[in-house]
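Worth knowing before you read on, the calculation uses all heavy atoms, side chains too, and leaves out hydrogens, waters and symmetry mates. In what follows, chains are A, B, ... by sequence order, proteins preceding strands, each numbered from 1.
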Amino acid sequence: MTLLLLSALLATVVALLVVRPVVARRTAILSDVAPGSLLDAEARRRSTLAALQDLEHDYLGGKLDTADYLAQRDRLGYEALAAIRAAEAAQAEAGVAVGEGDGEAGESITHACGFVNPPASRFCAGCGKRL
Amino acid sequence: MTQIGEVALWLALLVAGWGAALGFYGGRTGRGHLVLGAERSVFAVFGLLVTASVAIIAAFLQSDFRYKYVAGYSNRELGLFYKITGLWAGQTGSLVFWALLLAFFSSLVVLQNRRRNREFMPYVAGTVLTVLAFFMVVVVFASNPFQVMDFVPPDGRGLNPQLQNYWMTIHPPTLYLGFTCFTIPFAFAVSALLSGRLDTRWITTTRRWTLLAWFFLTCGIIFGMMWAYVELGWGGYWFWDPVENASLLPWLTGTAFLHSVMIQEKRGMLKMWNVLLVMGTFLLSIFATFLTRSGLIESVHSFAENTTIAYIFLGFLGSLIVASAALVWWRRHAFAPENRLESFLSREAAFLVNNLVFVSAMFAVMWGTTFPLISEGIFGQKINVGPPFYNRVNIPLGLILLFLMGVGPVIAWRKATPRNLKRNFTLPLAVGLAAAATLWATGVTHPYALLTFALASFTMTTIVVEFWKGTRARAKIEGENPFTALVHLVERNRRRYGGYVVHAGFVICFCGFAGKAFNAERQVALRPGESVSIRSPFGHEYRLTYQAMSWYPAPNMTKLVASVDVRKDGRAAGLMVPEKRAYKQREEVTSEVGIRRAWNEDLYLILAGIDDADGLLAGRNPRPVATFKVLVNPLVPWIWLGGFIMALGTLVALWPAAEPVRATVPVRKRAPATEPGLVGV
């Protein structure tokens, strides 16, 4: 008898948990606060910048000749810039404030060399100098 | 009242099926209430499996021998720890345990992603609940831990003596944590394929879960080796046993993924390959569980007793393979690479070769493991493949990996010029060659061992140089002292330097494996008072004197203990007490080895036999002749040290980076590296 009661209790609790949201039409969030295209662009921006960071790291570690480094840096710099612009365009399109969740990072930093660096950068992605 | 556990299992089956349907349908139709139902189902299944597991443990603690499972794996005298570990001692309970751990990780992933990755989550919930539903089907219909016997025996059959070891509380849970955790990356791969979002995002989420799974699996494998070393009593740690191989298979593909994912992140290449690796790793985890629990392949870890579930597992595995392949085929156009391989002298190429080696090793191990089944199907006879096959294939592959571990960190992305290579390889190559020459001069001529030590020196040098260069650059740029610079360097580049630490651990492990080439071994029959000497490859002379044999009853067993005095190079080095244990319930006799550990070698003593054990127990012969097997296992401690370092490195790579400081802090004081600072040194 106790087993029966306990089983019924367990089944009721479980049913309340898993059936009730469906019956009561309580809804889960289906998409992120930002649209998928923006998140993808952000992820791409981060990974491109990380690749640039690795390039800098390799150069500082003496794994690249200066000529190689400069050639690769230019190409990767353009990719990073394109990724940043894509992310910003997606942000603008989505009506999300630039840099939300990222502090006041709205201001890109343009270095003397002309490279537009993402907010909060300490070094220029274009020439490697301290900002 | 333990029957409530069975009710919980039935409810878990129903809820998992319900939730899986809600997840997939809710995701497809975009109905939030169905998705919420699916996510709640994940929590409900976890709660129900906790209830079922507690009920099983309670049945063990109460020695409730009505249940076939409890009677089969426990007895009244069994210690408390082993009664609790009864949950995963046999096939039936371990399947519940597998499901419990998966439900735990699933709940964690739902909690973690309640506000992000929302497009993925319906399918993630659907996928994990499908896997859970499968396990519930197996447990409820084919391997029920609450199956009641027709009669209640006065005592249980007892736990397999080889499982009565403290590693029992550590190794299986760790290994299972690894196996089950690989389900989460698989679920994200399925969700990325179903939602069509195959960009970088799913891979960044998946990478951390894969790393966590890899951490547990690596620890599980190392713990298993330690257990085998102290418990199985043959002097080794790895026997290429099917169950050992089973744990290695997902490890190999998981490791390949952790490397190839970097190529996708950095270069937008190998997208389909990464999906296939994630899926393959999960499928291999299921395959490993199937191998361990089906009983189709004979193993020293004979935990399985019900081959019916083998066919259910095969059916599930087959369905998963077909469904995964269909999904990948459906989205095949989304995998176009963004870049091409520009040079074979690049990190991408090194990673590519690394992946090929890992996958080749996986196929070789799988071929050897399944060969008994294949040979039985074709020739009608089970032909087992022994260690020589595995060693012949895997040692060269391992050496290639060891070499690539040295090349990978040194070589640059995209393209490295011969001049760079010369500059970066000169020192490591010189160190490798010098190590080889020194070892050759000191008499080390075993080709594989010599090559291993040379490559290990080469690779370790590249790792040390990487740390040195990074520290020096950071100290110069930031004006920090070398120690602070090193700490900050690792802190700001956890993934990179954590990876190097893992590599260093791996190198040390490899040296430990190579030590096997110099094992010394003797087997002798001694009377009390007689001695045997053995010389270690490090030049030490061990002299072991058999002093006496004693016996005494212990809980659940009778112990026969030999006392052996050890002298190393003429100096007293303690007493070793190898044992024979006669277990009451299973009437089995096992060996407990004596191990004297040093930093560079183990003196390993097995009590192989007692001439007149009955006479000893009856008091007629207090001084029986005993047969001892004495081994000196060089560098084995390095394997455990290397394993520890690998685990440590994984934790460094896994540890979350500090969150960026928010708007109230001025720009120049913000932490630079979490949002990729452009120079991360």
Side-chain angles (χ1 to χ4, degrees), chain A residues 2-3 6-7 10-11 13-14 17-33 36 39-40 42-44 46-65 68 72 102-105 107 109 117-125 128 130, chain B residues 1 3-4 7-8 11 15 18-19 22 30 32-37 39-41 43-44 48 51 115-119 197 199-201 204 265-267 410-417 419-420 423-424 466 469-470 473 493 496 660-663 665 667 670 672 675-681:
Chain A
T2 324
L3 176 68
L6 267 177
S7 305
L10 194 63
V13 171
V14 168
L17 190 68
V18 303
V19 181
R20 201 161 157 243
V22 180
V23 178
R25 301 216 153 231
R26 283 192 57 193
T27 184
I29 306 167
L30 274 181
S31 57
D32 292 298
V33 178
L39 295 171
D40 285 343
E42 271 297 316
R44 189 177 291 264
R46 279 170 182 264
S47 69
T48 321
L49 289 175
L52 203 51
Q53 180 186 346
D54 263 343
L55 181 74
E56 299 286 346
H57 207 113
D58 285 347
Y59 179 57
L60 283 172
K63 287 181 214 154
L64 282 170
D65 281 337
D68 266 347
Q72 291 187 28
D102 203 6
E104 79 297 42
E107 291 174 29
I109 307 161
N117 292 283
S121 301
R122 295 175 68 191
F123 297 90
C124 175
R130 185 186 279 277
Chain B
M1 204 39 59
Q3 298 99 311
I4 194 72
V7 177
L11 283 173
V15 173
W18 160 263
L22 287 185
H33 58 287
L34 301 185
V35 176
L36 189 63
E39 291 184 343
R40 293 273 182 90
S41 299
F43 298 130
L48 289 165
T51 311
R115 296 202 179 278
R116 56 182 166 158
N117 291 322
R118 296 307 306 168
E119 293 149 302
R197 292 228 164 259
D199 214 305
T200 320
R201 206 151 42 101
T204 48
E265 283 181 314
K266 298 281 192 305
R267 307 276 285 117
V410 170
I411 206 163
W413 290 107
R414 286 171 183 261
K415 191 178 155 198
T417 60
R419 196 172 144 221
N420 308 134
R423 192 167 62 190
N424 288 294
E466 273 297 288
K469 282 181 175 171
N493 299 274
R496 175 188 278 247
V661 181
R662 297 276 168 171
V665 180
V667 172
R670 289 163 57 112
E675 180 70 16
L678 294 181
V679 177
V681 290

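By the side chain to side chain contact (heavy atoms under 4.5 Å, CB included) test, L6(A) pairs with M1(B), I4(B), sequence neighbours left out.
Put simply, the side chain of P21(A) does not reach to within 4.5 Å of the side chain of H33(B), judged on heavy atoms. A 4.5 Å side-chain heavy-atom check between W18(B) and V22(A) finds at least one atom pair inside the cut-off.
Heavy atoms closer than 4.5 Å to chain A are found in the backbone of V410(B), but not in its side chain. No part of V23(A) comes within reach of chain B, as not one of its non-hydrogen atoms sits under 4.5 angstrom from that chain.
The heavy-atom pair separating L22(B) from V18(A) by the smallest distance is CD1-O, 4.5 Å.
Between chain A and the options T51(B), L48(B), T204(B), I411(B), heavy-atom pairs under 4.5 Å are most frequent for L48(B).
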